[in-house]
Structures are given as structure tokens and as C-alpha cells.
Participant: 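Mind looking over this structure? Questions follow.
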Amino acid sequence: MAKLTKMDDIVSLCKRRGFIFQSSEIYGGLASCYDYGPLGVELKNNIKKAWWKSVVQMRDDVVGLDCSILMHPLVWKASGHADHFSDLVAECRKCNTRTRVDQLKDAPGGAAAGPAGAGDLGGKVCPSCGTAGNFTQPMPFKLMFETSMGANREDAMTLYLRPETAQGIFANFRNVLDTTRVKIPFGIAQIGKSFRNEVTTKAFIFRTREFEQAELEFFCEPGTDENWFGHWKEQRFNWYLDLGIKKENLRFREHEKDELAHYAKGCADIEYLFPFGSGDWQELEGIANRTDYDLRQHQRGIRTSNSWQESKGDLSKVTLREEEADYMKGPLSYYDEEKKGRYIPYVIEPSAGIDRSTLAFLVDAYDEEEVRGETRNVLRFSPALAPVKAGIFPLTNKEGMPQTARNLYNSLRGRFNCFYDEKGAIGRRYRRQDEAGTPFCITVDGQTAQDQAVTVRERDSMVQTRVALDQVKNYLSEKLGL
Ligand code: ATP
């Protein structure tokens, strides 16, 4: 049997301990969709909370938003997604598998390996059947999921499930300006589900068709964009480090000029070294300088779709200069009271994937070590992310120990997510919490009734400390920093 890889071990632990399950598993499973179990949902919620705290709560210049997934189809027309959000795919003529052209790997032996006539793909190999260079011409494949809205078939409207959360922010830019005291520079942040009919899905929750994103659109004055781009790169990189990701597993990759979207002035990916194969640097988050592209596109969109257009007559006759002057009066422009001038703000966008970072946090925390001849699996989560902060156990089910342990549990659970367990040998109960990533285990034993103290065992060092019952809450707050 082939040796299990680190990824196999993590996937198996996730299933065994209730972090992540395959969707619809009882019906054979639905490819590339996953469900978060009791521990997984706590972990994922903690990651979202940590993002929100750092990006919204701790800042004076960012506000939050929660938009609907379904939006007016013109939003996607204006943003460019309706016409351009597709991947270039090629189909293998032998097994009919479609693969993203940018993800095809070189055949051993390079360009000479494939038969003639396969265009640029002559030297590429089908990841499914291994045939070299036998592909159809590359063609665009639309990534947005369609659905329809309305009870009557005749007037039902075709809508898209959003492929990113960002457009809901742009569409609400004016609402936020008009209803809050924000002034540029400021940002609007959102966490929510996005959907993409990905051609190839990959590696567990790394690339799925339904996923969660955490996005910030930070609006600033043109000319100040480079500074804010640098600021957000640093902030976002440090966020992963502060939550425990090892420095050697994290890096920046600046996009080359020819890789950039035509409107983007700069883009840097934060990459994580995932244990796929022999190690694979893959994007965790993208940080882009999107210039004023999105707000301009929506200004143009609303202009061509409503009464504004009627008042202007034939738009094709409007000169560029007139158009520019018009933009400056449009609802998505910004009047800077201090500078007494109008402009369309530039946007810096840090866009992170919650599921993808959940995988990175799991992988980075995962450890196996030998303890007295046995393998101990441990998830060394940072305290803020750990799904359960403390396990509380009576050593045995005698002499009032369960009652004391329950009382302690009840006094702590309002403050920290705790877990009470009175079954099985104490060593096994510790191991179960190690695998769940629980930083502390607290045991009520035979001595507790005499000394009013309990044993607190620390996950990583396994060191045990005697702590007075009435000091446990303070002890945990201090050690967890929460
Ligand atoms: P790729 O080129 O790998 O398809 P992308 O560059 O299109 O990804 P973005 O549109 O920049 O990705 O999305 C921002 C973030 O959202 C990504 O860094 C990633 O963390 C997350 N993300 C995007 N697509 C998926 C997906 N299918 N599954 C899980 N997370 C995703």
C-alpha cells in the first residue's frame, strides 16, 4: 500500500473528528462541495471572527456589509463578469476530460512529445489519461452558475449566483457614503459565499464550487493608491503570521505585468506552501490595486440602463471628454470636502478565501510526535482559532468529582467554548483534545475536594500545573490571551 501523505492524514483526521465531511455523503457525495462538522464550524467561525476583528472592528476607517447573493443581472454586465468571467479550457480528444489550459503540465520530453496539430498544447499532457498533446482548440468556459427568479416561467429572470462578494460592495458604495460618516480613505468589508463552476476542483477544500470569501474594498484618492497597496499587503501578511502560520510557509508573489488584468495597476498574491505532492506554493489571498475601474464600470452601467440615459439621448455621440465630465457628476464619484474637488476613488482589494485559509491553518497546525512509544496527533492552533478552548474532565465518576467538574464547566462556558467529557481513560481524553487542537485540559481529581485545586494540562508542552478552582478563569484568560 502506498504511504499516506500528510494531506491524506489531515483529510482523514478532519473526517474522523468532525471537522469536514463530503457534502451529501449518504447519497454518494457531491463532488467539490464540503460540509463543516461540529469542530469545523467552530474553527471556520473563529477564522471569520479574527478577520472581521482585524479588518473592521479594530479600525476606524473600515465598515462592514452583508449583501444578498442574488443581484441584478446588470451588475454582472457592468463588472465584466457576464461577458468575460470564464477560463480557457481544452478537451482531451482521447478521454474527453476538460482541463484549464493554464493548469496543464508539460509532458516529459517537452514540445516534441505530442502529435503535430495540437497547437500550443503539443507539449502538454492530459492530467486524466496521460495522453500527450491530443487536445481540442482552447475555448472559454463560463464559470458563473445560473438560476432563475420568479414563479411564472414566462417572466422568470435569469440570474447568477455571485462569483465574488466584491460587486455587492461597489453597488452599495453610494448607500454607505450617504448613511454613515465615512470619508475617503475608507473601506467596506464583507464575508460571504461565492460560487464558481470551476473546471477542475482540487485537493479537498482548496478549490471548491461553493466557497466563502472575505473581501475588503478600500477606497482612496488617486495618487495615494500605491501607499495603501503597500499598507494592506503588510497588514494581510501579518494577519496570517499573528494567527500562527509559520513564516517559512508564507510568501508574496508579485504578478508580472503581462499577468495583470488590464485595469489593475498591481497585484500580489499571498501564497502558502501546501503539502500537495512534494510541496506546492499556492494562492491564499490576492491583493490588487484595481484603480477606479469598478466604480467607473458601474457608473457607466447605471447610465446606460436608467433614466440618466434618457436625459442624454444617443450615448454613442457623447465625446470622451463629455463622458469624463459626466462621470465626475455621477453618483459613484466622490466629493472631497477638504480638497474641494471630485474624483472617482481608486480601490485596493485584499480578497481572501475562508475555506482555503481554513485548510492552511489546519495543515500548518498539524503535527505528529512520538510520546512514550506512541504517536500523538496534535493540532497546534493559536488560541484564537482553537475550536474548543478547554476540555473539562472528572478523573473518575466517583466522590463528587463529576459534580465539581460540571460546576467548573458551567462557570467557564459563557466565556470560552468548553467541552465536558467524563468517559474513558484520562490519557485517551487528553489525546482526543490534542487532535481537536484544544489548548488546555482541566482535570478534577481525588485531591480537589481537599485543596480546592485542579490540574491544568497544556496541549503543546503537556506540562501539568495545579491551579486553584476559583483562579481557573483568570488563568485561562491570561494564557489564551482572550
Ligand atoms: P484561481 O486563479 O486560482 O482560480 P483567482 O485568482 O480567480 O483564483 P480570486 O478571484 O482572486 O481567485 O479570489 C480570491 C480568493 O478567493 C482566492 O485567493 C482564494 O482564496 C479564494 N477562492 C477563489 N476561488 C476559489 C475556489 N474555487 N475555492 C475556494 N476558494 C477560492
Participant: Please give me the minimum heavy-atom distance between P73 and T158, naming the atom from each residue.
Facilitator: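 Heavy-atom minimum between the residues: CG-O, 3.8 Å.
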Participant: Please walk me through it: do D355 and K44 pass salt bridge (charged side-chain N to carboxylate O under 4.0 Å, His left out)?
Facilitator: CA-CA 8 Å; D355 309 83; K44 192 173 167 193; 3.5 Å; yes
Participant: Walk me through it: do D106 and K124 pass the test salt bridge (charged side-chain N to carboxylate O under 4.0 Å, His left out)?
Facilitator: CA-CA 4 Å; D106 289 334; K124 302 287 180 185; 2.7 Å; yes
Participant: Under a 3.5 Å distance rule, please check whether S357 uses its side chain to pair with a backbone N or O of I354 as donor and acceptor.
Facilitator: yes
Participant: Show, in sequence, the C-alpha distance, side-chain angles and deciding distance for K49 and E42, and conclude whether the salt bridge (charged side-chain N to carboxylate O under 4.0 Å, His left out) test is met.
Facilitator: CA-CA 10 Å; K49 262 190 255 162; E42 298 290 343; over 6 Å; no
Participant: Using every non-hydrogen atom in the two residues, find where G130 and V125 come nearest and quote the distance to one decimal.
Facilitator: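 For G130 and V125, the tightest heavy-atom pair comes out as O-CG2, 3.1 Å.
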Participant: May I ask you to test the I270-L250 pair for a side-chain heavy-atom distance under 4.5 Å?
Facilitator: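 Result yes, sub-4.5 Å side-chain heavy-atom pair found.
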Participant: Looking at D364 and A360, would you say the former's side chain and the latter's main chain have a donor-acceptor pair under 3.5 Å?
Facilitator: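 Judged by distance alone, no pair lies under 3.5 Å.
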Participant: Using only atom types and a distance under 3.5 Å, with no angle test, would you say the side chain of N172 pairs donor to acceptor with the backbone of G168?
Facilitator: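 Between the backbone of G168 and the side chain of N172 there is a qualifying donor-acceptor contact (under 3.5 Å).
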Participant: Taking the side chain as every heavy atom from C-beta outward, state whether L216 and V62 have any pair of such atoms under 4.5 Å apart.
Facilitator: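 With C-beta onward as the side chain, the pair touches.
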Participant: Identify the heavy atoms of K233 and F252 that sit nearest to each other, and give their distance.
Facilitator: O-CZ, 3.4 Å
Participant: Using atom types as modelled and distance alone, determine if a side-chain donor or acceptor of Y366 lies under 3.5 Å from a backbone N or O of I10.
Facilitator: no
Participant: Between R209 (side chain) and E198 (backbone), is there a donor-acceptor pair under 3.5 Å?
Facilitator: yes
Participant: Specify whether F173 and F219 have parallel, tilted or perpendicular ring planes, treating 30° as the upper limit for parallel and 60° as the lower limit for perpendicular.
Facilitator: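 The rings of F173 and F219 sit tilted, inter-plane angle from 30° to 60°.
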Participant: Check whether any side-chain heavy atom of F381 lies under 4.5 Å from a side-chain heavy atom of P439, and answer yes or no.
Facilitator: no
Participant: Taking the side chain as every heavy atom from C-beta outward, state whether I344 and L332 have any pair of such atoms under 4.5 Å apart.
Facilitator: no
Participant: If we ignore hydrogens and angles and just use 3.5 Å, is the side chain of D294 paired with the main-chain N or O of Q167 as donor and acceptor?
Facilitator: no
Participant: With a 4.5 Å cut-off on side-chain heavy atoms, are P331 and Q299 touching?
Facilitator: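 Sidechains of P331 and Q299: in contact.
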Participant: With sequence neighbours excluded, what pairs up with Q213 under the side-chain contact (heavy atoms from CB on, under 4.5 Å) test?
Facilitator: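 For Q213 the side-chain contact (heavy atoms from CB on, under 4.5 Å) partners, ignoring immediate neighbours, are E164, T165, S194, R196, F211, E215, S351.
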Participant: Ignoring hydrogens and angles, tell me if any N or O in the side chain of K389 forms a donor-acceptor pair with the backbone of R413 under 3.5 Å.
Facilitator: no
Participant: Can a side-chain donor-acceptor contact be found between T5 and D8 if the only test is distance below 3.5 angstrom?
Facilitator: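 Side-chain D/A pair, D8 to T5: present.
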Participant: Go through the steps to decide whether K193 and E212 satisfy the test salt bridge (charged side-chain N to carboxylate O under 4.0 Å, His left out), and finish with yes or no.
Facilitator: CA-CA 4 Å; K193 290 259 176 154; E212 224 164 341; 5.3 Å; no
Participant: Donor-acceptor pair, T224 side chain versus C220 backbone, under 3.5 Å?
Facilitator: no
Participant: Which residues pass the salt bridge (Lys or Arg N to Asp or Glu O under 4.0 Å) test with R174, not counting sequence neighbours?
Facilitator: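 Residues passing salt bridge (Lys or Arg N to Asp or Glu O under 4.0 Å) with R174: D178.
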Participant: If only side-chain N and O atoms count, and only distance matters, is there a donor-acceptor pair under 3.5 Å linking Y343 with D336?
Facilitator: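 Looking only at side-chain atoms, Y343 and D336 do form a donor-acceptor pair, the distance falling under 3.5 Å.
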Participant: Using only heavy-atom distances, determine whether the side chains of T438 and Q433 contain a donor-acceptor pair under 3.5 Å.
Facilitator: yes
Participant: Measuring only between side-chain heavy atoms, which start at C-beta, is E254 closer than 4.5 Å to D269?
Facilitator: no
Participant: Sequence neighbours excluded, which residues qualify as salt bridge (Lys or Arg N to Asp or Glu O under 4.0 Å) partners of D35?
Facilitator: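 For D35, no residue satisfies salt bridge (Lys or Arg N to Asp or Glu O under 4.0 Å) once neighbours in sequence are set aside.
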Participant: Considering non-hydrogen atoms only, spot the tightest contact between F21 and P38 and give its length.
Facilitator: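 Shortest heavy-atom separation between F21 and P38 comes out as CE1-CD, 4.4 Å.
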Participant: State whether the number of non-hydrogen atoms from other residues, nucleotides or ligands found under 6.0 Å of K246 atom NZ is greater than 12.
Facilitator: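 Atom NZ in K246 is packed in, count exceeds 12.
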Participant: Apply side-chain contact (heavy atoms from CB on, under 4.5 Å) to D61 and list each qualifying residue two or more places apart in sequence or on a separate chain.
Facilitator: R59, F218, W228
Participant: I'd like to know if the side chain of N134 reaches the main chain of R93, judged simply by a donor and an acceptor atom lying under 3.5 Å from each other, with no hydrogens or angles considered.
Facilitator: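 Not confirmed, N134 side chain does not pair with R93 backbone.
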Participant: Within the structure provided, determine whether F186 and L177 are in side-chain contact (heavy-atom separation under 4.5 Å).
Facilitator: yes
Participant: Contact between F206 and Q282 at the side-chain level, heavy atoms closer than 4.5 Å - yes or no?
Facilitator: yes
Participant: Tell me every residue that passes side-chain contact (heavy atoms from CB on, under 4.5 Å) with R16, counting only those two or more places apart in sequence or in another chain.
Facilitator: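 Expected list: S12, L13, N377, E435.
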Participant: Does the ring of W232 carry R236 above it, NZ/CZ under 6.0 angstrom from centre and within 45° of its axis?
Facilitator: no
Participant: Minimum heavy-atom separation for M7 to P275, with atom names?
Facilitator: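 Heavy atoms of M7 and P275 come nearest at CG-O, 3.6 Å.
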Participant: Which pair of heavy atoms, one from F274 and one from R356, lies closest together, and at what distance?
Facilitator: CZ-O, 4.0 Å
Participant: Using atom types as modelled and distance alone, determine if a side-chain donor or acceptor of W52 lies under 3.5 Å from a backbone N or O of Q190.
Facilitator: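 Here the side-chain-to-backbone pair does not exist.
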Participant: Centroid separation under 6.0 Å, is that true for the rings of Y36 and F19?
Facilitator: no
Participant: Mind checking ring pair (Phe, Tyr, Trp, His ring centres under 6.0 Å) for H262 and listing every partner two or more places apart, or none if nothing turns up?
Facilitator: Y293
Participant: Are side-chain N/O atoms of E285 and Y240 paired as donor and acceptor at under 3.5 Å?
Facilitator: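 Yes, Y240 and E285 have a side-chain donor paired with an acceptor closer than 3.5 Å.
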